[in-house]
Each structure stands twice: as structure tokens, then as C-alpha cells.
Amino acid sequence: MSLNVDRASMAFSFKGGMLPMTVMELTSADPERIREQLAGKLSQAPAFFQHTPVVLSVEKLDEPHLALERICAVCRAHKLLPVAVRGGSDPVKQSAWALGLGWFPPQEIKPRVLESVGNEAPVERVADEAPPAAIKGGRIHRGTVRSGQQVSAPEGDLVVVGSVNAGAEVLAAGSVHVYGALRGRALAGIHGDHDAGIFCRELHAELLSVAGNYKRLEDIDPQLLGRSVEVQLSDDQLTIVSLT
Amino acid sequence: MAKIIVVTSGKGGVGKTTSAAAIATGLALRGKKTVVIDFDVGLRNLDLIMGCERRVVYDLVNVIQGEAGLNQALIRDKRVDNLHILPASQTRDKDALTQEGVEKILETLTKDFDYIVCDSPAGIERGAQLAMYYADEAVVVTNPEVSSVRDSDRILGLLASKTRRAENGQEPVKEHLLITRYNPARVDHGDMLNLDDIQEILAIDLLGLIPESEAVLRASNQGIPVTHDNDSDAGQAYTDTVSRLLGEKVPLRFHETQKKGLLSRMFGGGRR
Ligand SMILES: Nc1ncnc2c1ncn2[C@@H]1O[C@H](COP(=O)(O)OP(=O)(O)O)[C@@H](O)[C@H]1O
Ligand SMILES: [Mg+2]
């Protein structure tokens, strides 16, 4: 069966993942202005410019054609590695591809509705570095989140009324609340909100992450497994506290 | 209008074909006009379990490709009046199935039958998705082991999104859990997941529980669906399952280790 391919014979496997990623939100398409600003930044925070991967967001620009190649060159000259472009017109998308960059659709503004999930395997997504917005526009999901499903609240909290099964992934800009067993992956504060937390009725999580600080199942104190817990950051350390 | 039921699981070798044959037979024995379709193109074995492999002339792919009519491909079961089998092809490759072709066949069958039972191939790809796409109900076959439960969970996710009902925003596919190859002694030992754990994870209604049974092996070797074996535990468990599918309330059996009574110890009885 396709799911049971002999691991030893595989050259690679695809893994879902959430990587922290810096988004460079362009408000000017002029490579010269970008260069000036970058040069200033570089002298202030040299540590940041270590071939840091960035996503160039052009959503705020209104130009159908961009000097994408020159903008990329300017970035590289300042030790920023553009890996993808977000938003823009079709010609922008085509030239991103021509330059070997990925392209992401513009960040959609999700309507505040209860919606059921799509079913793609957890895919690699890019998290924004924007400052945490006030908690709003959260989402309530009713029912079990099953293996291969991903449910996210790109703004605000995510509430799951049900369990999150192994192989499933739930994520939120704010906190993640699971009124059931958490057996899959839970990521809170995906845009960097350090005050976000994860709450669940029964802890068996494959992965817990708050603002990019994570613990895998094997890092979790076995005493806490099966317990009702709260997961928070304190001093950039992920701490799990039993609620019972 | 027939009800379309897909028997599916994600994982292979868990008892889908056995269950599709047994359920279809049980429905026909209850007087329902039933057809069971093998969607496992390339690995057909429903015809073996149904004992009609020597009567296969045309198959599903022939019908889809217009090489034979549906009536030429349908095989009438030898034992039960109301039962027909639509076999899969052994030789064609899986891509021979098209969505439009499947839709046309189901549309025609739905006029003449009460139940259409679709035996799904393993996996979560095209073949399995085609088998489930038009379903009204799904029987998710699960063995009491972690990998099988995980695969069933994945399939339940697909049923909620990759079916005609889901895409059209209709009432969702009715999901039933069928636990097969359940061995209470091994469950008690902790070698296998128990009923409650499986139900808790999958969180859908339990349609039936089929014990691990010699009778299944015997039945498949003889090409007689195990539902006909009324004396066997598996046969009775499938009969119960069919009753529940028809909306009857039937208590669960075979999920606990037999407490051997004095009589059975004396006569060495018990379940076969
Ligand atoms: N309840 C059962 N007890 C014992 N063996 C079983 C049982 N159900 C299925 N099997 C055996 O398991 C194997 C796989 O069954 P099958 O129905 O072909 O599975 P699938 O269609 O899911 O691949 C067969 O050898 C079958 O006889
Ligand atoms: Mg099979």
C-alpha cells in the first residue's frame, strides 16, 4: 500500500512544517530606496542579516510589473535571501517563478465564519512576522480534527470542540483551545505572540509550539500525558502546567 | 433510488473485501436488491470471495470503456436471488477508471437496486477516492491496531471533504465504524487496542464488531461469503452488522473474552 512504502528505499519524504519566516512587506518598488533602507538597517542590526530567508510581500504595491530581479539582487547584497514572493499580479508571479522563487497568493482576509476544514496534508506555510493584532476574528471548529487535516485561525484564537487526532495540525495567531484530546500538533502564536497559550483536556500532543518555541512528544514529561494542561511561554521557555 | 455504501479503510488487508461481500450478502438475504462492485482494479478479489471468479467475462473497466453493456458485466449470485456482482479487471491499470464512467454506472444501477456496495481499494489516492466519491454511507473498516486506526482517521477526513456530498454541501456521508479481526484475548493482553480506545479516537458510531475468526478464512477459501455460515461467530457478527445498517438495534457480541462455563469446559464447546 502506498502509505507503507519501505522507508529505507525512499530518497526523501515530505514533512508538513511551520517555519518561522520573515516577511518583507514592500511599500516601494524602487530598488534604490530599498537599498538605502537596507543599508541603514544593516548597520543597526548586523546579526539579523545572516543570509536570512525572507518572503517579499508585494501586496501593498499596485504595480503590475516589478523590477523583481533587481530587488532580489539588492536583498542578496545585504545578506537577505529572498525565497518567495507573496501577492502581486500574474506577471509578477511569472517572473518570481522565472527567478526560481516560490509564489504565495496574497494573504486572504478570512471571513469570521465557522467553516469546515480543507483536507490537504499539513503543508508548509509561512508565518507572518507582523506584530500580534488584538485578538479578534477567532474561529470555532466543531468536531474531530483528523489525521491529514489542518485547521487554522490566522487571526485570533482557535477553539476546537472535539479532539485533534495524531497527524492533524491546529494553529492560531492567538491561543489554541482544545475541548478534547490533543494528539496531533498544536501551534499557538504563529505570528510571534508570546502571550498565546495552548489549552487542552487531554495531552498527548505530537508537537506543542508557542511563538516558535516548541516541544515534541518525547520532550514532554510523561507525567503530564493524559492530563488537562495549559502550555505557556515563560522567559522564552515552553512550560506545561497541569490544570487538575 | 439505491443507497450507495462504500467499504473503505485506507489500510490494506484489514478486511474490506471480506466485509463488502458479507454485508452485500446479508442485505440480499434480507430481501434488499443489492449489487456489490469491486473498485480494486488490478487486484480484483471480490469475485473470489463471492465464488464467481469463473463466471467473469466482462468487468467494470469494460463497461466504462464501452466494450460491454452493464447487463453483460453484472454477475448474478448463485446463492441469493437479489444479489449481483460487478467485478473489477485484473489486467487493466487503475487509470482506466474515470469519474464520469463511474458516475454513469452508478446512476444506472441506482434505478434498479436498493443497495450498491462499493469495495474500495487500499490507499487514499485516486482509486479509493473514486470508490467513495458518490457514497451516501461509508463503512470504515478498522483493525484494533494503531496504524489501522490512523489510516481510518485519514479516510474519515477525506469522506468529509472529497465526496460529492461534501462538494455539493449536501448532508454529509453517514459514517459507520466496523471493527474487524478483533481478538478479545489479545486485547485483554494489551497487544491490541480495545474497542473503547478505537471509538474514542475515531469518534463515529459503531456499526459492528467482527471477531478474528477461522470461519473467515474457511469462507474465503470456499468462495462463500461468511454471512452464510450462521453457526460461526463472524457470520453472526456480520448478520448483526447488517441489521444495524438497516436501522435495527442489536446488542454487541463477541467483544469480550468468553467466560468458559462448566458445560463448555466439559464438552470443549465454545465458538468456532
Ligand atoms: N474477521 C477476520 N478473521 C480472520 N481473518 C480475516 C478476518 N477478516 C479478514 N480476514 C483475512 O484478512 C485478509 C485480508 O482481508 P481482505 O478482506 O482481503 O482485506 P482488504 O480488502 O481490506 O485488503 C484475508 O486473508 C482475510 O481472510
Ligand atoms: Mg480488498
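In the text below, chain A, chain B and the rest are named by the order of the sequence lines, each starting its count at 1. Please read all numbers here as calculations on a predicted model, not as lab measurements.
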> How far does OG of Ser147(A) sit from CG of Leu156(B), to the nearest 0.5 angstrom?
Replying inline: 10.5 Å

>> More than 12 heavy atoms of other residues, nucleotides or ligands under 6.0 Å from NZ of Lys174(B): yes or no?
In response: no

> Any idea which of Ile155(B), Ile201(B), Leu202(B) has the most non-hydrogen atom pairs under 4.5 angstrom with chain A?
Replying inline: Ile201(B)

> Does CG in Asp221(A) sit with more than 12 non-hydrogen atoms of other residues, nucleotides or ligands closer than 6.0 Å?
Replying inline: yes

>> Does Glu171(B) have more than 12 heavy atoms from other residues, nucleotides or ligands lying within 6.0 Å of its CD?
In response: no

> Which bit of Ser163(A) is near chain B, if near means a heavy-atom gap under 4.5 Å: side chain, backbone, both or neither?
Replying inline: neither

> Is any side-chain heavy atom of Arg146(A) closer than 4.5 Å to a side-chain heavy atom of Arg150(B)?
Replying inline: no

> Which atom pair, heavy atoms only, marks the closest approach of Asp153(B) to Asn165(A)?
Replying inline: OD1-ND2, 2.8 Å

> Are more than 12 heavy atoms from other residues, nucleotides or ligands located less than 6.0 Å from atom CZ of Arg165(B)?
Replying inline: yes

